[in-house]
Participant: 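Structure provided below as structure tokens; questions to follow.
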Amino acid sequence: MAIPNVKRFRISSPEGDVATLMAVVPKGTDLDKYLIDASKRYDWKVWREQQANMFKVRVGQQKQQKKK
């Protein structure tokens, strides 16, 4: 079930990494200031670790290809 009024924003780290931030932002909020503050407070170290773990392929878990 989706959450209504959720917006997706792209934030970038000082090293150039890009992440997607999903948030419900109240009316009248300055989006530029909000995104700058969010990118400063974002835990980029954990994000990099999660990205590294996501793309690891365990030995023996590869999908077998059908040979014709």
Side-chain angles (χ1 to χ4, degrees):
M1 181 182 229
I3 300 172
N5 301 326
V6 171
K7 304 277 188 203
R8 291 178 184 229
F9 301 103
R10 305 283 285 182
I11 58 174
S12 58
S13 71
E15 290 82 27
D17 296 324
V18 178
T20 302
L21 176 71
M22 296 177 68
V24 177
V25 182
K27 289 182 181 179
T29 304
D30 187 11
L31 286 178
D32 292 331
K33 288 182 181 179
Y34 175 78
L35 293 175
I36 290 170
D37 183 48
S39 64
K40 286 180 184 176
R41 293 186 300 133
Y42 196 78
D43 195 353
W44 290 102
K45 181 180 177 185
V46 172
W47 181 83
R48 282 187 207 95
E49 291 172 3
Q50 287 178 347
Q51 292 296 315
N53 289 337
M54 186 184 327
F55 295 114
K56 278 187 184 174
V57 177
R58 291 178 41 189
V59 176
Q61 298 293 323
Q62 291 91 353
K63 189 173 181 180
Q64 295 183 359
Q65 297 178 357
K66 292 182 180 178
K67 294 184 179 180
K68 293 182 179 180

Participant: Is it true that Asp37 and Lys33 make a salt bridge, defined as a side-chain N closer than 4.0 Å to a carboxylate O?
Facilitator: no
Participant: NZ/Lys7 to CG/Leu31 distance, rounded to the nearest 0.5 angstrom?
Facilitator: 9.5 Å
Participant: Working to the nearest 0.5 Å, report the span between CZ of Arg10 and OG1 of Thr20.
Facilitator: 4.0 Å
Participant: Mind checking whether Ile36 and Trp47 sit in one hydrophobic cluster, side chains of I, L, V, M, F, W, Y counted as touching below 4.5 Å?
Facilitator: no
Participant: Closest heavy-atom contact between Phe9 and Ala23?
Facilitator: CE1-O, 4.3 Å
Participant: Please give me the minimum heavy-atom distance between Tyr34 and Val25, naming the atom from each residue.
Facilitator: CE2-CG2, 4.1 Å
Participant: For Ser12 and Ser39, work out which heavy atoms get closest and say how close.
Facilitator: O-CB, 3.8 Å
Participant: Drop me the distance from Arg48's CZ to Trp44's CH2, to the nearest 0.5 angstrom.
Facilitator: 7.5 Å
Participant: What heavy-atom pair brings Ala38 and Ile11 nearest, and what distance separates the two atoms?
Facilitator: O-CD1, 4.5 Å
Participant: My understanding is that only residues two or more places apart in sequence, or in another chain, count here; which of them pass side-chain contact (heavy atoms from CB on, under 4.5 Å) with Lys45?
Facilitator: Asp43, Glu49
